Every structure is written in C-alpha cells, then in structure tokens.
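The basis for the numbers below is simple: all heavy atoms, side chains too, and nothing from hydrogens, waters or symmetry mates. Being a predicted model, the structure only gives us computed values, none of them experimental.
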Amino acid sequence: MPGWRALLRFALVLAVLLCADRSWGEALQQAALPGVRLVMQWWDDTYRLEDLGLFRVGADRVVGVSVSLARCVVMEGLAVCPDAHKGLAQASTLAGSVDLVLILMGALVWSWPVHQRQEYAWRLVAGVPVVLLIWSVDVPLILWGAIWSLHHDAYVPTSWSPLLAWVDFIKSGGRLALTGLGGAAVITWGQVMSR
C-alpha cells in the first residue's frame, strides 16, 4: 500500500503544478527568456540574436528566435560569411519545454517521502541550481541546434555534430532522463544534508 500512496501523492502534486502552470506558465516562460538569450550567447558567438520571444503559431505557444550570422563560419574549407541581403534564420520550440522540467522535477521532489521535515528546505536549496542547469542545456541548445542544422545540412550533411547529437538526445527522452536524474540528486542531497 505505501507504493500506492506515493503514486497518489505524485499525481496530486503533479495536478497542482499543472494547474499553477496553466495560470502562471506564460509568465514563467517570459521570465526564462533572458536566461535563454544569455546561454545562447555564451555557448556560441557565431550568431547574433536579432529577436527572441514567445509567439503564437496556430494553437501553440512557442519560444522563437531569429538570428543572423555574426562572423564567418568555415565548414569543410568553405567560408560562409555574414551577408545583409541573405536575411535571418529562425527556429522555435514549444514553450512548454521551458515548464516541463520544473513541473516534473517539482512533482518528483515534493511528493517523495521525507524522513525529517528539514529535507524540504534542503531540496529547495539544491533544486534551484539543478533546474537552472538542466534549463541551460535544454531550450537554448534546442534553438541553437535548429539554427546550426541549417548550415550543417547544407554544407556537411554527412559529418557528425556533437550539438545535433545532443539535440537528438534531448528530443528523444533525454529531457525526461535529465529531469529524473536531477530529481534523484535533489532528493538524495536533501536526505544527506538533513542527517
């Protein structure tokens, strides 16, 4: 019976977080945009971010980015340089990708049983940097990878790209795996620190 209680507790916390996301999700996504911009600029200076924001595409809300080349890119001996007449490259990903990590990790971390009440405080202390770390390798790299794939597919389609391999990992369940591992690390940290 304890397994059912834990599952029920997880479902209840998840439902509460999903309801909160329905009300405050867009504000959270908007608040995350400066971080997305910072991480994209930190990871690579190849592109100049012209626009980054939340947009409606049909019924979906997406995080979209428009970029131009900031410097020349050399691929297989061919240099592709900035050209004002070539326009902008654009990419987007579902805005829910921003919320997913926080919702699932929150449900896992807050529904997991504690031995002492102070574990919740330690989980909060550890949870914030873990969520920020996962966010920094998720949405910004998904967007950057979508832009980079335009050059990659046009000039070196047969070569292997670590960035595109990472994007494939994230899109094929890596986001959930990282969230689960992050949640387990936060729970373990709380248990260790409260002893």
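Residue pairs meeting the disulfide (SG to SG under 2.5 Å) criterion with at least one partner in residues 7-80, sequence neighbours excluded, are C72-C81.
Heavy-atom neighbours of W189 CH2 from other residues, nucleotides or ligands within 6.0 Å: at or below the threshold of 12. Within 6.0 Å of atom CZ in R117, 12 or fewer heavy atoms from other residues, nucleotides or ligands are found, so the atom counts as exposed in its surroundings. Residue R56 places its CZ atom among more than 12 non-hydrogen atoms of other residues, nucleotides or ligands, all under 6.0 Å distant. Heavy-atom contacts from other residues, nucleotides or ligands closer than 6.0 Å to CH2 of W112 number 12 or fewer.
Without hydrogens or angle criteria, R9 side chain to S111 main chain gives a donor-acceptor distance under 3.5 Å. In this structure a side-chain-to-backbone donor-acceptor pair under 3.5 Å is missing from W144 to W43. Checking side-chain atoms of D60 against main-chain N and O of V62 turns up no donor-acceptor pair under 3.5 Å. Distance alone, capped at 3.5 Å, is enough to place a donor-acceptor pair between the W166 side chain and the V137 backbone.
Residues S97 and V139 come closest through the heavy atom pair CB-CG2, 3.9 Å. The two residues G145 and L164 make their nearest non-hydrogen contact at O-CD2, 3.3 Å. Here the closest non-hydrogen pair linking G183 and M105 is N-CE, 3.7 Å. When all heavy atoms of G190 and E119 are compared, the closest pair comes out as O-CG, 3.4 Å. V186 approaches R123 most closely through the heavy-atom pair CG1-O, 3.3 Å. In terms of heavy-atom proximity, G64 sits nearest to S92 at CA-CB, 4.0 Å.
With V130 as the partner, the side chain to side chain contact (heavy atoms under 4.5 Å, CB included) test is satisfied by one option alone out of I134, L133, V128: I134.
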### Query
Between L176 and L104, does a side-chain contact (heavy atoms from CB on, under 4.5 Å) hold up when you go through it step by step?
CA-CA 8 Å; L176 296 177; L104 290 179; 3.3 Å; yes
### Query
Passes side-chain contact (heavy atoms from CB on, under 4.5 Å), L54 versus E26? Steps please.
CA-CA 9 Å; L54 293 177; E26 190 168 351; 3.9 Å; yes
### Task
Check the pair V67, L88 against side-chain contact (heavy atoms from CB on, under 4.5 Å), reporting the backbone distance first and the verdict last.
CA-CA 5 Å; V67 301; L88 304 174; over 6 Å; no
#### Entry: Working for side-chain hydrogen bond (donor to acceptor under 3.5 Å, both in side chains), residues E50 and S66
CA-CA 5 Å; E50 305 292 347; S66 297; over 6 Å; no
### Task
Might you work through the side-chain contact (heavy atoms from CB on, under 4.5 Å) test for R48 and L69, ending with a clear yes or no?
CA-CA 6 Å; R48 181 180 303 109; L69 271 177; over 6 Å; no
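Using the six-membered ring where Trp is involved, Y47 and H151 have ring planes that are parallel, under 30° apart on the 30 and 60° scheme.
Taking CG of D168 as the start and CD1 of I142 as the end, the distance is 8.5 Å to the nearest 0.5 Å. Put simply, CG on L178 and CD1 on I170 are 5.0 Å apart, with the number rounded to the nearest 0.5 Å. Separation of atoms CG (L28) and CD1 (I103) is listed at 8.0 Å; rounding is to 0.5 Å. Here L143 contributes atom CG and T93 contributes atom OG1; the two are 6.0 Å apart, rounded to the nearest 0.5 Å. Rounded to the nearest 0.5 angstrom, Q41 CD and L52 CG are separated by 9.0 Å. Distance CZ/R61 to CG/D99: 7.5 Å, rounded to 0.5 Å.
Transitive grouping of hydrophobic side chains (ILVMFWY, heavy atoms separated by less than 4.5 Å) brings Y120 and L17 into a common cluster.
With respect to D138 and K171, no salt bridge is recorded, no charged nitrogen being found less than 4.0 Å from a carboxylate O.
By the side-chain hydrogen bond (donor to acceptor under 3.5 Å, both in side chains) test, Q118 pairs with Q116, sequence neighbours left out.
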